[in-house]
Amino acid sequence: MQMSKKPKKYRQNDNSRPIFEREMTLESLQSMGNPLEILKDLLDFELFRPLLEPVFEKADRKSNAGRKPIDPVLMFKVMFLQRLYGLGDHQIEYQIKDRTSFREFLGIVTVDDVPDEKTVWKYKEMLSQDGTFDRLFKQFNAYLDAKGLIVNEGKIIDASFVVAPRQRNSREENAAIKRGDGGSLWQEEPGDTEREKKRKANKRRHKDTDARWTKKRGESYYGYKNHAKVCRKTKLIHGYDTTAANVHDSQRCASLIDESDRHEDVWLDSGYVGQESELKEKQVNPIVCERPYREHPLTEEQRQGNRAKSKVRCRIEHVFGFMEQTMGGLVFRGVGLVRAAANVALTNLVYNMCRFTQIVRFHAEWIKTESATCMG
């Protein structure tokens, strides 16, 4: 007679909630190297309150009755998380509710205090239309300057694509957009039914007439460009510009140069060939990688020169690489150049804030003040 095997016993999850579960969770996250804890310790978001509060104040608020408005610094921290992890409005609401590390970073205890996706969109729209993200970027760079991190030891200029949702338009509609007549499309006409009017209104809200198609190395891109000027030493972004994707990199090169760059070296790739004279007029020294031409390949001396230049110029690729790999990519989930420019400004600001924490941890000797561990 064959003996039946005893069923194996496995450890069962304990459904009871320990009293110190939150403390145990945070301790476990800390032991694994919680990046948000590092950011929380090294960045004081109160620095931005003076710029945020005037934008979020309701001028038509007649009394203090009702639920209090959401703290503007908390909302900016939500946007910071959203851009750092490349999340949409719906996903940032979900992730805050789901992730302990997010709520701890924001100082939120219960899910009732989590801003919903419509609130996130509303506050972000207010900052975008007001141009506040550009002012926040300048404010933080002024703080970096006070720390001795805005140095004049050479700059690197390059551009990267910011991908936008692709549009599905007819040939006639695309032709009108290219002519700059996109605003005349999908307008109501006499005789339109209510349904037709609603359909056209929805199209006007969702159609991006500012973004453009372009090709690079045989690959098509649709959206915008982030033109950035980066410090050779610190890899901090000093300036930027936003254009449609079809604008060539070299067309925004000179506009990024300002008085603080005078007499500095500026490294550029071969796409900026031909801009040397305009840059010299700005009193900077352009160092441009040379480009081969048909029947005129580069000499060995030119190739060696390009390799030496690229050792410096490639440092800006580390900046774009961080945005692509760590920040969920250079992606724009919106419509229009104004919102795209705000997205680029926020992206560059979040990058600089993260880069500052890296400098504090690994290059503290670059910082002038003794307080290298906090912003307060």
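In what follows, every heavy atom counts, from backbone to side chain, and hydrogens, waters and symmetry copies are set aside. Nothing fancy with the numbering, it's 1 onward along the sequence.
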Check: For E117 and V120, what are the C-alpha separation, side-chain angles and deciding distance, and is it a side-chain contact (heavy atoms from CB on, under 4.5 Å)?
Finding: CA-CA 5 Å; E117 59 179 297; V120 174; 5.5 Å; no
Next item on the list: Verify side-chain hydrogen bond (donor to acceptor under 3.5 Å, both in side chains) between D134 and Y240, making sure each step is shown before the conclusion.
Entry: CA-CA 10 Å; D134 293 313; Y240 57 87; 2.4 Å; yes
Next item on the list: Please test D130 against T132 for side-chain hydrogen bond (donor to acceptor under 3.5 Å, both in side chains), starting from the C-alpha separation and ending with a verdict.
Entry: CA-CA 5 Å; D130 189 64; T132 306; 2.9 Å; yes
Next item on the list: List the steps, then state whether side-chain hydrogen bond (donor to acceptor under 3.5 Å, both in side chains) holds for K235 with Q358.
Entry: CA-CA 11 Å; K235 291 195 286 191; Q358 293 176 344; over 6 Å; no
Next item on the list: Before giving the answer on side-chain contact (heavy atoms from CB on, under 4.5 Å), spell out for L268 and I287 the whole-Å C-alpha distance, their side-chain angles and the decisive distance to 0.1 Å.
Entry: CA-CA 6 Å; L268 311 105; I287 302 176; over 6 Å; no
Check: Checking side-chain contact (heavy atoms from CB on, under 4.5 Å) for the pair F161/T214: CA distance, chi angles, key distance, verdict?
Finding: CA-CA 10 Å; F161 290 111; T214 191; 3.3 Å; yes
Margin query: Quick one, K207 with L185, criterion side-chain contact (heavy atoms from CB on, under 4.5 Å). Give me CA distance, side-chain angles, the key distance, then yes/no.
Written below: CA-CA 10 Å; K207 291 293 186 179; L185 296 173; over 6 Å; no
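Remark: F320 pairs with no residue by the ring pair (Phe, Tyr, Trp, His ring centres under 6.0 Å) rule, at least two apart or across chains. Under the side chain to side chain donor-acceptor pair (under 3.5 Å) criterion, D116 pairs with T119, not counting sequence neighbours. Here N348 pairs with N226 under the side chain to side chain donor-acceptor pair (under 3.5 Å) rule; sequence neighbours left out.
A ring-centre distance under 6.0 Å is found for F45 and F80.
Nearest heavy atoms, C253 versus I157: O-CD1, 4.0 Å. Nearest heavy atom pair, residue H227 against residue A159, reads ND1-CB, 3.6 Å.
Between the side chain of R339 and the backbone N or O of V335 there is at least one donor-acceptor pair closer than 3.5 Å. Formation of a donor-acceptor pair under 3.5 Å by the T326 side chain with backbone atoms of M323 is not found in this model. Side chain of K200 to backbone of E188: no donor-acceptor contact under 3.5 angstrom is found. A donor-acceptor pair is defined here as one N or O able to donate and one able to accept, closer than 3.5 Å; such a pair exists between the side chain of E173 and the backbone of S170. Between the side chain of K225 and the main chain of T242, no donor-acceptor pair closer than 3.5 Å is present. At distances below 3.5 Å, at least one donor-acceptor pair connects side-chain atoms of Q187 with backbone N or O atoms of G183. For D181 (side chain) and S184 (main-chain N/O), no donor-acceptor pair under 3.5 Å exists by modelled atom type. Distance alone, capped at 3.5 Å, places no donor-acceptor pair between the N174 side chain and the R171 backbone. No donor-acceptor pair closer than 3.5 Å links the side chain of R291 to the backbone N or O of Y272.
Note on R99 versus E104: no salt bridge recorded, every NZ/NE/NH1/NH2 to OD/OE distance being 4.0 Å or above. Salt bridge annotation for E194-K198: absent, with no cationic side-chain nitrogen under 4.0 angstrom from a carboxylate oxygen. Using a 4.0 Å cut-off between a side-chain N of Lys or Arg and a carboxylate O of Asp or Glu, R49 and E46 qualify as a salt bridge. A salt bridge links E300 with R303: the distance from a Lys NZ or Arg NE/NH1/NH2 to an Asp or Glu carboxylate oxygen falls below 4.0 Å. Between R199 and E196 a salt bridge is recorded (basic side-chain N to carboxylate O distance below 4.0 Å). The pair D261-K155 meets the salt-bridge criterion, with a side-chain N (NZ, NE, NH1 or NH2) lying under 4.0 Å from an Asp/Glu carboxylate O.
Note that the CZ atom of R103 and the CD1 atom of I108 stand 8.5 Å from one another [nearest 0.5 Å]. Note that CG of L127 is 7.0 Å distant from CG of L136, once rounded to the nearest 0.5 Å. The CG atom of L337 sits 10.0 Å away from the CZ atom of R212 when rounded to the nearest 0.5 Å. For the atom pair S128 OG and Y123 OH, the distance stands at 14.5 Å (nearest 0.5 Å). If you take CZ on F76 and CG on L81, they are separated by 10.5 Å, rounding to the nearest 0.5 Å. Separating the CG atom in L87 from the CE atom in M79 is a distance of 14.0 Å, to the nearest 0.5 Å.
Side-chain contact annotation: Y143 with D44, donor-acceptor N/O pair under 3.5 Å absent. When only modelled atom types and interatomic distance are considered, R307 and S310 share no side-chain donor-acceptor pair under 3.5 Å.
I96 and I70 end up in the same hydrophobic cluster when Ile, Leu, Val, Met, Phe, Trp and Tyr side chains are linked at under 4.5 Å. Residues V163 and L346 are members of separate hydrophobic clusters, defined by side-chain heavy-atom contacts under 4.5 angstrom among Ile, Leu, Val, Met, Phe, Trp and Tyr. The hydrophobic clustering, which links ILVMFWY residues whose side-chain heavy atoms are closer than 4.5 Å, places L39 and F362 apart. Follow the hydrophobic side-chain contacts under 4.5 Å out from F137 and you reach L149 in the same cluster. M327 and F356 fall within the same hydrophobic cluster, where Ile, Leu, Val, Met, Phe, Trp and Tyr residues are linked whenever their side-chain heavy atoms come under 4.5 Å apart, directly or through other members.
Residue pairs meeting the ring pair (Phe, Tyr, Trp, His ring centres under 6.0 Å) criterion with at least one partner in residues 81-101, sequence neighbours excluded, are Y85-F102. The stretch residues 332-352 participates, sequence neighbours left out, in these ring pair (Phe, Tyr, Trp, His ring centres under 6.0 Å) pairs: Y224-F332, F322-Y351.
Using cut-offs of 30° and 60° for the angle between ring planes, the Y222 and W213 rings count as tilted.
For the side-chain contact (heavy atoms from CB on, under 4.5 Å) with R83, the qualifying choice from V350, I92, V331 is V350, the only one to do so. The only option from V151, N352, V319, V230 that meets the side-chain contact (heavy atoms from CB on, under 4.5 Å) definition with L236 turns out to be N352. Results of the salt bridge (charged side-chain N to carboxylate O under 4.0 Å, His left out) test with K229 over D258, D158, D241 single out D258 as the only residue that passes.
Note that K147 lies outside the cation-pi zone of W366, set by a 6.0 Å cut-off to the ring centre and a 45° limit from the axis. Seen from the ring of F105, K77 counts as a face-on cation partner, given the 6.0 Å and 45° thresholds.
Residues Q82 and K124 meet the side-chain proximity criterion, which asks for heavy atoms closer than 4.5 Å.
By the neighbour-count criterion of 12 heavy atoms within 6.0 Å, atom CD of E365 is densely surrounded, having more than that number from other residues, nucleotides or ligands. Within 6.0 Å of atom NE2 in H206, 12 or fewer heavy atoms from other residues, nucleotides or ligands are found, so the atom counts as exposed in its surroundings.
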Considering only distance and modelled atom types, tabulate donor-acceptor pairs under 3.5 Å from the side chains of residues 275-284, sequence neighbours left out.
unit_1: E276; atom_1: OE1; unit_2: G274; atom_2: N; d: 2.8
unit_1: Q283; atom_1: OE1; unit_2: R262; atom_2: NE; d: 3.3
unit_1: Q283; atom_1: OE1; unit_2: R262; atom_2: NH2; d: 2.8

